[in-house]
Amino acid sequence: MKFTCFIDTSSYINLNKCEYSTGTLLHLLYEEVTIRFSSEVNQEIANHYDVRMPDELKRSSQIYRTTRNNISKYRELLELNESENDLGEKDNFISIIDLFFDRKIIGLVFLTDDMKAIERGCLYPQIKAFPFYRVWNSLDVILFLFIIKRSISKDFALDFLRDINRNMATDDERMDPHKTQERINKFRDYARYLELISLVKNN
Amino acid sequence: MITLQKLQLKDNPFKYITPEPKTFKVENPLWAGLDDIKRKITEIYSDLETTDAMNIILNWGPYGGGKTYAAYYFIYHSKANAQQNFIQIYVRSPKEGSSATNNLYRSIIDYLSFSQIKERISTLLEKVGGDELFKLINDKINSEDFATAIMLIGSNDKEVETIMHRYLYSNVTKTELKKVGLARTIDSEIDRIKILSGIFHCFIGDSVELPGRVILWIDEVEDLIYYSSKHYKIFSQALRDLVDTMNENFCMFLNFTLSEPEQDTIELVLGSALWTRITNKIRFSDLDKEGAKKYVKDLIKYYQIEDTGDYGPFSESAVDRLLEIVETTELTPREINKIFNNVLLHAQRNDFEHINNPVVEEWRSQFEQEES
């Protein structure tokens, strides 16, 4: 059984930037999980299209369309504001809720690199209300791929963590020492998680 | 508005929250508090005078803790104290990983200046002769082409000088290369490190003729966190190659800002190969209460018109109170300067000749009102 992963634009782009073998980390993720995203995210991806990404035709099969209610109704129910900002994250959030309530699918993942939206932005505190999905960022994707793919060594995984951490840093418009310390702490934390996973994998 | 002179001060001791270069170009630049750190770095500089060892020093600690200040202080202080055979360089870690080695190389060349490099090589050529100088450089960098190029920098021919100036910045044509008899330009990271190493060895000399020491301060090394893994490996390899080709009479300080007290994190960011080459680690911790008071006292004393032996125009209890306020954030020189500067300006605006607890509390309530 595969995880079903609702991926937003930020993570889609960051994973696509990391090359691995003949593809990218995004391709690896496509192999290991079922990828889904809202129509809004698909449009955002199209606006940032890169030739290494899956094309329009392939992506169209990953678009999730809500069944129980339409998007507007969900926005009203979930008290998500009408602003044009973060539409991709909001619609992905709506999609993951719709999917669970419609089909009771487990193994759901909400994947975003926009921590602002999750921790103190447009999806807070609603994101905490529904305990049937996990929230990942692209660093978690590296840990996941390290766990399930033998071809990814610890050294490779550490390199990917460094690359993704760097990509996430360039997404953040702040350029100040606190941001630098945040990125250092993030890298440190995930390197430790990698070490823990490695210990379990090897014993 | 009351003047600083009325407060018995020559200038505002707390006005700078980042090091200001002009304040170091005096006979006795200020060093306030942080006695242990000053002692440790002074010992390193003393060792450099008497031994030929190589040192790689990691200075690490929180933002605003005094690392950059230490670099400026020791660079200017040792110049002022006639350690003329020390060549000191201050650069910041490149922000962009993609051309990091090239940027570091150019920053170092810019800091040294072509004219200073040329003068040094010309002097060495006169003292030891071409053959000896070639041998000195080539033995260290294992490149006849680059050893020849470095020697040409010392040429008195104007045309050669112009070409070699551009050569250092990889900006020469094939015709110009041919004119000076060189087979190749500076292309790769390895090339740049060899050139830097060769130039550094010219400043070091041969320990008999014009013996020298090279001290390189690289600030903001924590910015390596912004490099991709590919660029980080290239840059880290370049630094290791530089260290490995220097081996003696060379000291490199790496300033790393880290708010947590865990060295493992620094090793992770720098990489184990560079980490294992570090010979000393100096921690710029947050100040304790006593250290903070000493810092404030030394700072104020430096700027008092007459040394009163106290904290004037601040009362000691006002200093204690303000340090309690700073402690709620981080007790670093930068945070201390910010708060004390604000209070001093408040006193000036309101014509207070003495800054005691009521003045501090008045400032605090006004400050909190503005914040909310």
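In what follows, every chain begins at residue 1, and chains take the letters A, B, ... in the order their sequences are listed.
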Between CG of B/Leu258 and CD of A/Gln181, what distance do you get to the nearest 0.5 Å? 5.5 Å
Please indicate whether [X] has more than 12 foreign heavy atoms, meaning atoms of other residues, nucleotides or ligands, lying under 6.0 Å from its [atom1].
| X | atom1 | result |
| --- | --- | --- |
| A/Lys201 | NZ | yes |
| B/Ile190 | CD1 | no |
| B/Lys230 | NZ | no |
| B/Lys281 | NZ | yes |
| A/Phe156 | CZ | no |
| A/Ile148 | CD1 | yes |
| A/Lys2 | NZ | yes |
| A/Arg134 | CZ | no |

When only pairs under 4.5 Å are counted, which of B/Ser259, B/Gly64, B/Ser229 shares the most heavy-atom pairs with chain A? B/Ser229
Of the listed residues (A/Ile164, A/Asn185, A/Leu161, A/Thr180), which shares the most heavy-atom pairs with chain B below a 4.5 Å separation? A/Thr180
Given heavy-atom pairs under 4.5 angstrom as the criterion, report whether the side chain, backbone, both or neither of [X] touches chain A.
| X | value |
| --- | --- |
| B/Ile266 | neither |
| B/Glu220 | neither |
| B/Lys95 | neither |

If the threshold is 4.0 Å, N to carboxylate O, is there a salt bridge linking A/Arg188 and B/Glu222? no
Contact origin within A/Asp159 toward chain B - heavy atom pairs under 4.5 Å: both
Should the pair A/Arg162 and B/Tyr232 be classed as cation-pi, given the thresholds of under 6.0 Å to the six-membered ring centre and 45° from the axis? yes
Shortest non-hydrogen pair, B/Tyr226 vs A/Asp176, comes out as OH-O, 4.4 Å
With A/Ile184, the side-chain contact (heavy atoms from CB on, under 4.5 Å) member among B/Leu268, B/Thr257, B/Thr265, B/Leu224: B/Thr265
